[in-house]
Amino acid sequence: MEHPSDTQEAPSLVLRLAGPSTTKAGLSTEQTEINRIIAEASKGSKFYENEKRKDKEVTARIERILKLRDQAIKGVDMGKMEQKVDHLLEAIERERDLTQFIVHFDMDAFYANVELLDNPSLAGKAFGVGHGVLTTASYEARKYGVRSGMPGYIALKLCPDLIFVDLHMSRYSEVSKQIMGLFRQYDPNMLAASVDEAYLNITEYCMQHNLDPDECVGRMRQRVFDETKLTVSAGIAANKVLAQICSDKNKPNGQFHLPHNSEAIRDFMRGLPIRKIPGIGRVSERLLDSIGVKTCGDVYKCRGVLSLLDKQFGLHSMLRVHLGIASNVVQPGAREERKSIGSERTFRAISEKEKILQKLEDIAAELDDDMERGGWAGRTVTLKYKLDTYEVFTRAKSFNRWIRTKAELYEAGKELLQPEWPLRLRLIGLRVTKLKDLRKKDGGILKFLEPLPESPSKKSRAYDSDGQDSDVEYIEPDLEDDLNHNASDSEDELPTAAAEPRASTSGHRPPQMFASSASEIPSPSRPSKPRGTGPIGSTRVAVSEWQDQVSPKHRGLHMRDDDDCPVPKARSDPDKAPSASTSTTATVIECPLCTRPFTDNDELNAHVDWCLSREAIRSAQVEGDRNERSKPEVGAQHLKEWWKGGSVEGTAGSRKPKRRKLGR
DNA sequence: GCGGATCAC
DNA sequence: TATGGTGATCCGC
């Protein structure tokens, strides 16, 4: 490790140290200087050493892939290989759906601009939000290379006059709700992907109001500005992924419409850096680069090799990337799709057993609190710890009863920690999976009139066998429930996807269907494997988004009839997108959560149940701000994951798990 | 079912 | 003066 030749770091390491969001600024000559400063400031730290280690692992992985490629390429008729891929491309092209107008809204430097709003004296100044690690930075600070996720002391090296501003999470969430409420008027099925991002399908709204989509989006952005003095950027395209990429195009305070036209889309994709695709991160970018894929257009040039390395890269996914085909289904996330709940914390490295156990207890208390508030129990507990070397490990244990109290969490954690001693830790965390939704019982008119999710945490304990917080064993009332997976069986609770067939253990699949076209494609047109897609490296490329199919139901300009919101009639209601003038006849009651109007009481009740369950999750994320828990500029990946479609994938690296007994 | 790894935000 | 937290997914065992 201590070679004298360490004086110069690999270019890949320098990039890695620059952080994940380095792609934003592009590669100006200044950027390389910035990266050098960052690498310089990091040098010698434990963090730096760990990054170096990981960087080397990726390099080794690349070597394995190249070796594999050279092996596979022997005696192969590349022309024929490419011909096969071309047939596959034609088949995928036939799935393209250009009928829907999908919009992705993205608030500009959300936290920073809210702070600016509340403290005008910051105008024009370079400032970062957060302490320790920045959650975001003002545009002035970004000019110096200051980015979200950057440690404060490094930001100071780049920008000595940088001002540090405190986080005000509840304020951001308040503003966010206001804006989301506005958006929802244009599409009740809007997907709030995070605090500052939303996806909408404005097709129907535009039809009904005889509006051009660009015009519509322009007005929406103007309304947001009028009502909040905040600017928002937007992307308009035929599917969610394209819309997301487009919203970045004219940021800040701009919008971009990618024509609903196959040619235009492919032209657009051709020059697009592969890294822009959601799911292609720093590692995947390097792996793809090693076989010559830098842009989405390169996918076509390299289709032969990609076909040979299907297992490693997922040919089918990559072809969808190249064509710019992805899901255009927009629907809100559902509570029942939650898969885990956890809590973790970083602290100054400690090695005393008592102190570590104290941290464990703290985390157990936090998690218990969150689980209680959210109404969750679970069967598997996973302990996570990070050594002071930054190496991360997890240890898990499954139980045949539901874990839900602080004491149970703590005991499980202690047991998992037991064999690992001695340790010197800088982080400890607990996560619970195999969840059971404690709120699902008496699903019906779920406490519509009771205090909303925010209020007294006691409420959730109502489901408790006793109100006690004691560690009385909570014996599983219905064990069969758990055998049914997710216990999501017959449910009235959450209408979302209730009618959908279940796919595997992962629970419900979005309506756009899980079965990929692979099964529909004439078998000679695709490579040997039954599943025409694979991951990049050992991680399935999160290009899963590109996997799901466009639902046939979505064809046709009119209504999407797979609406899972329990308000069937609302779909054909003229007031689906309520304008001020719409409230005519009978008494109109608004949903207290999303402000959607109703005239029928039953419909309202059903809707509120549905809305509540989503709200509960949303507030659970936001509540994180107690305890100054630092959050990223946007934090709700799970919401995002929920709409990610299909999956599938192959394998990769010959990585072998190192079940190391790590001391130190 | 477990553990490591990658990714998004 | 010392690089975050939550959640998801996939692979190889």
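To find a chain, count down the sequence lines: A is the first, B the second, and so on, and within it residues start at 1. All values below come from the heavy atoms of this structure, side chains included, with hydrogens, waters and symmetry mates left out.
For A:Lys434 and B:dG1, the shortest distance from a side-chain N or O to OP1 or OP2 is below 4.0 Å. At B:dC2, one or more side-chain N or O atoms of A:Ser398 fall inside 4.0 Å of OP1 or OP2 (strictly under the cut-off). Contact annotation: A:Arg61 side-chain N/O to B:dG4 OP1/OP2 distance is not under 4.0 Å. Residue A:Tyr153 has no polar side-chain atom (N or O) positioned under 4.0 Å from OP1 or OP2 of C:dA2. Look at A:Arg338 and you won't find any side-chain N or O under 4.0 angstrom from OP1 or OP2 of C:dT6. Between A:Ser45 and the phosphate of C:dA2, there is no side-chain N or O to OP1/OP2 separation shorter than 4.0 Å. Not one side-chain nitrogen or oxygen of A:Ser284 sits closer than 4.0 Å to the OP1 or OP2 atom of B:dT6. Remark: A:Thr346 is in phosphate contact with C:dG5, judged by side-chain N or O atoms under 4.0 Å from OP1 or OP2. Using a 4.0 Å cut-off, some side-chain N or O of A:Arg431 falls inside it from OP1 or OP2 of C:dG7. Taking side-chain N and O atoms only, A:Arg395 has a distance below 4.0 Å to OP1 or OP2 of B:dG4. When the side-chain nitrogen and oxygen atoms of A:Ser343 are compared with OP1 and OP2 of C:dG5, none of them lie within a distance under 4.0 Å.
Residues satisfying the side chain to side chain donor-acceptor pair (under 3.5 Å) criterion with A:Asp289, sequence neighbours excluded, are A:Lys294. Listed by chain and residue number, A:Arg286 satisfy the side chain to side chain donor-acceptor pair (under 3.5 Å) test with A:Thr59 (two or more places apart in sequence, or in another chain).
In this structure, the nucleotide among C:dG5, C:dG4, C:dT3 sitting nearest to the side chain of A:Arg345 is C:dG5. Minimum atom distance to the side chain of A:Thr394 is reached by B:dG3, of the listed B:dT6, C:dA8, B:dG3. Taking the side chain of A:Ser42 as heavy atoms from C-beta on, and the options C:dG4, C:dT3, C:dG7, the nearest nucleotide is C:dT3. Considering only the side chain of A:Val283, B:dC7 comes nearest among C:dT9, C:dG4, B:dC7.
Nucleic acid contact class of A:Ile154 (heavy atoms, under 4.0 Å, all strands): base. Counting any heavy atom pair closer than 4.0 Å across all strands shown, A:Thr382 reaches no nucleic acid atom. The residue A:Lys397 sits close only to the backbone: its heavy atoms come under 4.0 Å of sugar-phosphate atoms, none of a base. Nucleic acid contact for A:Arg426: sugar-phosphate only, since backbone atoms but no base atoms lie under 4.0 Å from a heavy atom of the residue.
Taking atom CD1 of residue A:Ile428 and atom P of nucleotide C:dG4, one finds them 16 Å apart after rounding to whole Å. Atoms CD (A:Glu366) and C1' (C:dT6) sit 12 Å apart, rounded to a whole Å. A straight line from CD of A:Glu344 to P of C:dA8 spans 13 Å, rounded to a whole angstrom. If you measure from atom NZ of A:Lys384 to atom C1' of B:dG4, you get 11 Å, rounded to the nearest angstrom. In this structure, A:Phe313 atom CZ and C:dC11 atom P are separated by 15 Å, rounded to whole Å. For A:Phe164 and C:dT3, the CZ to C1' distance is 13 Å, given to the nearest whole Å. Regarding A:Lys54, its NZ atom lies at a distance of 10 Å from the C1' atom of B:dT6, rounded to whole Å. Between the CZ atom of A:Arg379 and the P atom of B:dG1 there is a distance of 5 Å, rounded to whole Å.
Applying the 6.0 Å contact sphere to CZ of A:Phe127 captures more than 12 heavy atoms from other residues, nucleotides or ligands.
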Review point. Hey, mind stepping through A:Lys46 and A:Thr389 against side chain to side chain contact (heavy atoms under 4.5 Å, CB included) and telling me if it holds?
Key: CA-CA 6 Å; A:Lys46 285 174 175 164; A:Thr389 59; 5.5 Å; no
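At a threshold of 4.5 Å between non-hydrogen side-chain atoms, the residues A:Ile291 and A:Phe313 count as touching.
When the C1' atom is used for both C:dG4 and B:dC7, the distance is 15 Å, rounded to whole Å.
The side-chain tip of A:Lys157 does not point at the ring of A:Tyr153 from less than 6.0 angstrom away and within 45° of straight on.
Between the side chains of A:Glu344 and A:Tyr385, no donor-acceptor pair of N or O atoms lies under 3.5 Å.
Each of A:Ile341 and A:Tyr390 was matched to the nucleotide of DNA chain C holding its nearest heavy atom; the match closer to the 5' end belongs to A:Tyr390.
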